[in-house]
Engineer: 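First the structure, then my questions, so here it is.
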Amino acid sequence: MSDEEFDGHLQELRRGTVVLASLRLLREPGYGYGLLEQLSAAGFPTDSNTLYPLLRRLEKQGYLVSEWNTEEARPRKFYRTSDAGLRLADTLIRDVQAIAAAAKDLP
């Protein structure tokens, strides 16, 4: 397998885990750039062209809620995981654990 093919498979796997990681990290309110840094530090490197549309989609689906902080010189939109988002994150964690366990048990 070429490095390019290998990287493509890793990217596919990570794409779904960024949703889970974002929902978990945003249990505490955070804004996009800060979340990019947290994701990277946690081993989920993501670029802004991926993250910001993801945040908007999760908000539209009801898994995140947001509010603007206009107290600073530059307004920032803060996101927080909703109750539905917490339930989704718990479900995703259970599924990831089950998949990892099943894959580990394969011959």
Side-chain angles (χ1 to χ4, degrees):
M1 180 182 306
S2 71
D3 287 345
E4 190 174 293
E5 288 174 321
F6 186 79
D7 289 345
H9 287 292
L10 284 177
Q11 185 178 13
E12 280 184 50
L13 178 62
R14 289 181 178 144
R15 194 172 290 137
T17 59
V18 169
V19 170
L20 172 57
S22 296
L23 291 170
R24 296 280 297 174
L25 288 168
L26 290 172
R27 290 176 295 170
E28 297 294 324
Y31 60 99
Y33 184 76
L35 182 59
L36 279 171
E37 291 178 333
Q38 287 180 297
L39 287 166
S40 182
F44 299 93
T46 308
D47 64 41
S48 59
N49 292 329
T50 299
L51 183 65
Y52 290 105
L54 172 71
L55 292 174
R56 287 189 295 273
R57 179 174 55 85
L58 290 172
E59 182 180 21
K60 185 177 179 180
Q61 293 170 335
Y63 298 121
L64 294 176
V65 293
S66 68
E67 63 183 54
W68 284 94
N69 179 347
T70 57
E71 295 174 7
E72 298 176 22
R74 185 174 161 199
R76 292 184 181 174
K77 188 174 187 178
F78 279 77
Y79 293 90
R80 181 180 47 79
T81 306
S82 68
D83 289 341
L86 293 173
R87 288 190 300 276
L88 175 60
D90 289 343
T91 299
L92 292 174
I93 287 171
R94 284 192 301 275
D95 283 359
V96 166
Q97 290 170 336
I99 291 166
K104 185 178 177 183
D105 292 338
L106 291 173

Engineer: What distance separates Leu51 CG from Leu54 CG, expressed to the nearest 0.5 Å?
Structural biologist: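 Leu51 CG to Leu54 CG: 6.0 Å, rounded to 0.5 Å.
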Engineer: Which donor-acceptor pairs under 3.5 Å do side chains of residues 87-107 form with protein atoms, sequence neighbours excluded?
Structural biologist:
| from | atom 1 | to | atom 2 | distance (Å) |
| --- | --- | --- | --- | --- |
| Thr91 | OG1 | Arg87 | O | 3.0 |
| Thr91 | OG1 | Arg94 | NH2 | 3.4 |

Engineer: What distance do Arg27 atom CZ and Arg80 atom CZ have between them, rounded to the nearest 0.5 Å?
Structural biologist: 13.0 Å
Engineer: Does Val65 belong to the same Ile/Leu/Val/Met/Phe/Trp/Tyr cluster as Leu25, with side-chain heavy atoms less than 4.5 Å apart forming each link?
Structural biologist: no
Engineer: Show your reasoning for whether side chain to side chain contact (heavy atoms under 4.5 Å, CB included) applies to Leu26 and Leu55.
Structural biologist: CA-CA 10 Å; Leu26 290 172; Leu55 292 174; 3.9 Å; yes
Engineer: Quick one: pull up CZ in Arg56 and CD in Glu59 and give me the separation to the nearest 0.5 Å.
Structural biologist: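 The distance works out to 9.5 Å.
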Engineer: Taking all heavy atoms of Pro53 and all of Ser48, pick out the closest pair and write down the distance.
Structural biologist: CD-O, 3.9 Å
Engineer: Run the side-chain donor-acceptor check on residues 29-44: report pairs under 3.5 Å with partners two or more places apart or on a different chain.
Structural biologist:
| from | atom 1 | to | atom 2 | distance (Å) |
| --- | --- | --- | --- | --- |
| Tyr31 | OH | Arg76 | NH1 | 3.0 |
| Tyr33 | OH | Glu37 | OE2 | 3.3 |

Engineer: Check whether Ser82 reaches the backbone of Tyr63 with its side chain - one donor and one acceptor, N or O, closer than 3.5 Å.
Structural biologist: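 Present.
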Engineer: Between Leu23 and Leu86, is there a shared hydrophobic cluster once you connect ILVMFWY residues whose side-chain heavy atoms come closer than 4.5 Å?
Structural biologist: no
Engineer: If you look at every heavy atom in Asn69 and Glu71, which pair is closest and at what distance?
Structural biologist: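 So the two residues come closest at OD1-N, 2.9 Å.
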Engineer: Please report the shortest heavy-atom distance between Leu64 and Thr81, naming the atom on each side.
Structural biologist: CD2-CA, 3.8 Å
Engineer: To the nearest 0.5 angstrom, please state how far the OH atom of Tyr52 sits from the OG1 atom of Thr46.
Structural biologist: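 The distance works out to 11.5 Å.
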